[in-house]
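We name chains A, B, ... by the order of the sequence lines, and we start the count at 1 in each one. Computed from a predicted model, the values in this text were never measured in an experiment.
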Number of protein chains: 2
Amino acid sequence: MDRPTIIDIARLAGVSKKTVSRVINNSPLLSKPTREKVERIIAETGFVPNPTARALALKRNFLIALVHDNALDPALVEVQAGMLAALKHSEFALCVHFLDCGPNAALRAFGDFLEYHRPSGILLMPPLSEQDELAGLTWEFGCRCARLGAKPQTESPGWIVTPDRQASADAVHRLVLAGHRRIAFISGREDTRCARLRELGYLDAMAEHGLDRGPALIAAGDDSFESGYAAAELLLEVSPRPSAILASNDEMAAGAVHAAHKSGIKLPAELSVIGFDDAPIASRIWPPLTTIRVPLMEMAHAAVNQLIAPEASESTTHDFPVELIERGTTAPLHASAGESGAFAFQSG
Amino acid sequence: MDRPTIIDIARLAGVSKKTVSRVINNSPLLSKPTREKVERIIAETGFVPNPTARALALKRNFLIALVHDNALDPALVEVQAGMLAALKHSEFALCVHFLDCGPNAALRAFGDFLEYHRPSGILLMPPLSEQDELAGLTWEFGCRCARLGAKPQTESPGWIVTPDRQASADAVHRLVLAGHRRIAFISGREDTRCARLRELGYLDAMAEHGLDRGPALIAAGDDSFESGYAAAELLLEVSPRPSAILASNDEMAAGAVHAAHKSGIKLPAELSVIGFDDAPIASRIWPPLTTIRVPLMEMAHAAVNQLIAPEASESTTHDFPVELIERGTTAPLHASAGESGAFAFQSG
DNA sequence: TTGTACGCGTTATCAT
DNA sequence: ATGATAACGCGTACAA
């Protein structure tokens with residue numbers, strides 16, 4: 001026999017379709033006995049409302065969509081893992097959508113996607129999360145929206161963020177405490193606030209310590225391994241050579257480590273490197289990368305919980321802490337190597 | 001104004017709903033003028049049939065689902081990227097589902113997923129792809145199924161495969177050509193045919209060359225970096241130490257490289273390592289990993305094309321070639337280091 | 001070749 | 001508090 005429909009339940013319970021529907025949707029105006037009777041029948045039959053039919057009536061699908069603009073972004077695995085964990089045992093499915101057109105066409109393509117597939121909720125990855133027009137569109141379609149990234153200037157709802165600027169500055173402080181003075185920075189995609197804030201944090205801290213933060217110490221990357229490699233090659237041939245590099249993400253930090261190896265520079269003895277994110281690659285390269293952990297999985301989990309919550313919570317932004325994880329690519333500056341070897345070893 | 005529905009189109013074209021429906025679904029029995037007239041109206045209005053309504057009527061959603069049992073599998077990014085590329089400009093969306101229960105409960109959970117979300121097509125990742133019952137279930141739900149993995153014994157439709165056994169043997173041949181004799185192997189998840197075939201390929205080639213393939217040269221892993229690391233630690237302390245390691249995937253190969261670094265073993269001078277897959281990590285570690293490239297993205301692309309093709313193609317299995325990519329972790333065995341240094345440098 | 005009437009399984013409207 | 005009936009938008013017998 002086929003699955004029971006709402007009509008079967010209604011007949012079995014001796015009530016109308018609509019009453020069963022009310023039970024399903026937790027309508028407040030129902031007598032206790034009626035509700036309990038229907039709920040018993042539902043439990044006995046194992047009835048599950050057909051999501052497609054509900055979707056047609058409600059004009060929205062039981063889908064939570066992850067929307068990104070980089071299909072090969074290594075962060076996607078972790079984000080999805082967090083989302084899937086939160087979606088477990090829920091009535092929603094995870095849908096992944098790739099928006100690869102330019103920023104202008106993106107709005108239209110995103111609208112088409114929303115209108116066509118009508119997801120119940122959207123999780124926007126950076127840099128898409130920073131386009132307010134995209135978030136605005138989701139509202140128009142009665143679709144909730146969560147955004148991953150760095151904290152925006154103006155408080156707005158749905159943001160899941162980390163204190164990138166402060167974290168970046170803290171990493172520099174640690175390097176300075178370990179005696180480093182010439183600290184270079186590899187920046188990330190300019191179109192992400194996250195990357196810009198990480199650079200600002202670096203600049204903050206360098207200024208605070210009165211250290212040189214000239215253009216020779218800052219190289220532009222685009223969040224990719226290759227760009228980190230190229231940037232490090234540039235940084236490592238200036239003289240005096242930086243004794244430490246902070247990269248805006250782990251991929252680029254890994255690229256920097258790669259470049260150092262290629263140049264025969266010993267890590268961490270001759271060069272310290274700090275990455276950002278604690279992506280899987282961080283613990284897999286040699287030496288294992290010291291990095292600032294961003295709890296992407298937990299963040300995605302929280303984002304989805306917010307998206308599928310029965311009532312839209314008016315939480316503005318959800319802050320997650322970051323944490324510096326010391327591994328093998330950082331060491332105190334050797335007195336012999338530094339231009340001002342005053343500082344001795346200091347456990348940060 | 002709202003989006004036009006099929007009724008609006010019918011009215012504008014002066015025909016019935018059904019005629020418009022026939023145009024949409026390419027029914028053969030339609031007069032040319034009628035079809036053209038309707039098509040013109042559709043183009044002018046930008047009408048797009050509502051997928052939810054179609055889903056309700058057809059009892060299947062316009063979703064292609066990727067189903068896996070490991071939310072953190074690094075291969076997922078590439079597979080998804082290939083799928084998304086193939087799905088671009090199609091009416092289907094990508095849905096990702098995680099089956100984390102044991103093999104017995106998996107069948108039931110999978111059935112629930114199929115019945116509840118009714119995807120049009122499924123792409124099964126290994127080891128799920130090897131459970132014939134799962135594939136069988138998809139058929140029952142009128143859902144197409146593509147399976148990623150290693151070639152099964154009996155030809156069955158929907159498989160997207162690589163010649164893992166031969167590829168593994170070829171890698172060993174290359175190492176032997178480079179003078180290696182003590183070649184170790186790190187095996188993968190025993191529940192994947194893919195991993196078993198890679199091990200068999202290793203055994204084939206070692207036997208063919210009359211080389212020792214005893215238990216001291218084979219360590220069990222589970223496809224994870226950590227397991228590769230642990231396995232290599234075991235392999236590297238036996239005496240005489242193997243001069244080369246073939247790992248069943250890149251994650252474990254990276255773990256082996258990690259272990260070698262930790263033990264102060266120089267790569268590739270004192271140890272050669274070959275991985276499998278050409279995952280992103282292969283080119284990011286130092287030295288860059290020599291590996292057997294498995295074109296996951298292309299395979300996923302082909303799988304999706306097969307799933308969304310207008311008519312179910314009766315292609316049995318779709319073979320993809322693999323390719324050994326020489327990078328930095330392989331070198332000829334030094335005459336001084338080998339126990340039988342007869343072979344000189346040979347460019348493989 | 002084209003149209004009519006109904007089904008898909010649920011929610012919403014508006015009565016009672 | 002509950003129910004009859006109409007949406008929701010499209011596909012399919014079956015009739016014409």
Side-chain angles (χ1 to χ4, degrees), chain A residues 1-39 41-42 45-63 91-92 115-118 120 141-142 310, chain B residues 1-39 41-42 45-63 91-92 115-118 120 141-142 310:
Chain A
M1 157 115 177
D2 265 357
R3 287 197 77 123
T5 74
I6 198 172
I7 296 186
D8 299 320
I9 304 301
R11 190 169 29 75
L12 262 54
V15 299
S16 78
K17 257 175 23 164
K18 182 61 195 169
T19 300
V20 179
S21 173
R22 287 203 177 91
V23 172
I24 294 173
N25 297 292
N26 297 312
S27 166
L29 15 77
L30 266 178
S31 74
K32 188 162 291 179
T34 312
R35 146 160 293 136
E36 281 169 355
K37 183 175 54 181
V38 174
E39 277 176 343
I41 304 286
I42 289 182
T45 56
F47 165 72
V48 177
N50 179 321
T52 307
R54 301 185 74 188
L56 183 59
L58 294 170
K59 293 178 179 303
R60 70 185 177 85
N61 274 288
F62 287 74
L63 295 175
E91 52 192 340
F92 296 88
E115 183 158 9
Y116 192 69
H117 289 288
R118 300 232 177 227
S120 296
F141 282 94
Chain B
M1 155 116 178
D2 265 356
R3 287 197 77 125
T5 75
I6 197 172
I7 297 185
D8 298 321
I9 304 300
R11 192 168 29 74
L12 262 55
V15 298
S16 78
K17 239 171 53 157
K18 179 58 195 169
T19 301
V20 179
S21 174
R22 289 204 177 90
V23 172
I24 294 173
N25 297 296
N26 297 310
S27 165
L29 16 76
L30 267 178
S31 74
K32 187 160 291 176
T34 311
R35 146 158 293 134
E36 282 169 352
K37 183 174 55 184
V38 174
E39 279 176 341
I41 304 286
I42 289 182
T45 56
F47 165 72
V48 177
N50 179 323
T52 307
R54 301 185 76 189
L56 183 59
L58 293 171
K59 294 178 176 304
R60 69 186 177 85
N61 275 287
F62 288 74
L63 294 175
E91 51 192 343
F92 296 88
E115 184 159 8
Y116 192 69
H117 289 288
R118 302 234 176 224
S120 296
F141 283 95

Expressed as a whole number of angstroms, how long is the span from [X]:[atom1] to [N]:[atom2]?
{"X": "N25(B)", "N": "dC10(D)", "atom1": "CG", "atom2": "P", "result": "11 Å"}
{"X": "I9(B)", "N": "dG11(D)", "atom1": "CD1", "atom2": "C1'", "result": "17 Å"}
{"X": "E115(A)", "N": "dC8(D)", "atom1": "CD", "atom2": "C1'", "result": "15 Å"}
{"X": "I6(B)", "N": "dC8(D)", "atom1": "CD1", "atom2": "C1'", "result": "13 Å"}
{"X": "R11(A)", "N": "dG3(D)", "atom1": "CZ", "atom2": "C1'", "result": "17 Å"}
{"X": "Y116(B)", "N": "dT10(C)", "atom1": "OH", "atom2": "P", "result": "10 Å"}
{"X": "I7(A)", "N": "dT11(C)", "atom1": "CD1", "atom2": "P", "result": "12 Å"}
{"X": "R60(B)", "N": "dG9(D)", "atom1": "CZ", "atom2": "C1'", "result": "16 Å"}

Base [N] paired with [X] side chain (donor-acceptor, <3.5 Å):
{"X": "K18(A)", "N": "dA12(C)", "result": "yes"}
{"X": "K17(B)", "N": "dG11(D)", "result": "yes"}
{"X": "R22(B)", "N": "dG3(C)", "result": "yes"}

OP1 or OP2 of [N] under 4.0 Å from side-chain N/O of [X]:
{"X": "S31(B)", "N": "dT2(C)", "answer": "yes"}
{"X": "T34(B)", "N": "dT2(C)", "answer": "yes"}
{"X": "T52(A)", "N": "dG9(C)", "answer": "no"}
{"X": "T19(B)", "N": "dG3(C)", "answer": "yes"}
{"X": "K59(A)", "N": "dG9(D)", "answer": "yes"}
{"X": "S21(A)", "N": "dT10(C)", "answer": "no"}
{"X": "N50(A)", "N": "dC8(C)", "answer": "no"}

### Message
Under 3.5 Å, is there a donor on one side chain and an acceptor on the other for R118(A) and N50(B)?
### Response
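The criterion, which ignores hydrogens and geometry beyond distance, is not satisfied for N50(B) and R118(A).
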### Message
Over all strands shown, is L56(B) touching base, sugar-phosphate only, or nothing at heavy-atom distances under 4.0 angstrom?
### Response
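Base, at least one base atom sits under 4.0 Å.
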### Message
So V15(B), base contact, sugar-phosphate only, or nothing? Heavy-atom distance under 4.0 Å.
### Response
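Sugar-phosphate, no base atom in range.
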### Query
Is there side-chain contact between D8(B) and T45(B), with heavy atoms separated by less than 4.5 Å?
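D8(B) vs T45(B): side chains apart.
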### Task
Determine whether I6(B) and I24(B) make a side-chain contact, defined as any pair of heavy atoms from C-beta on separated by less than 4.5 Å.
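Counting from C-beta outward, I6(B) and I24(B) do come under 4.5 Å.
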### Verdict with reasoning, E91(B) to Y116(A), per side-chain contact (heavy atoms from CB on, under 4.5 Å)
CA-CA 9 Å; E91(B) 51 192 343; Y116(A) 192 69; 3.2 Å; yes
### Task
Measure from the side chain of S16(B), starting at C-beta and using heavy atoms only, and say which of dG11(D), dT4(C), dT10(C) lies closest.
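Ranking dG11(D), dT4(C), dT10(C) by closest atom to the S16(B) side chain puts dT4(C) first.
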### Query
Quick check: does any side chain N or O of R60(A) sit under 3.5 Å from a backbone N or O of F141(A), one acting as donor and the other as acceptor?
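Not confirmed, R60(A) side chain does not pair with F141(A) backbone.
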### Message
Donor-acceptor check, side chain of S21(B) to backbone of K17(B), threshold 3.5 angstrom: yes or no?
### Response
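No: the side chain of S21(B) does not pair with the backbone of K17(B).
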### Query
Nearest nucleotide by nearest heavy atom, which residue falls closer to the 5' end of DNA chain D, L30(A) or R54(B)?
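The 5'-side residue here is L30(A).
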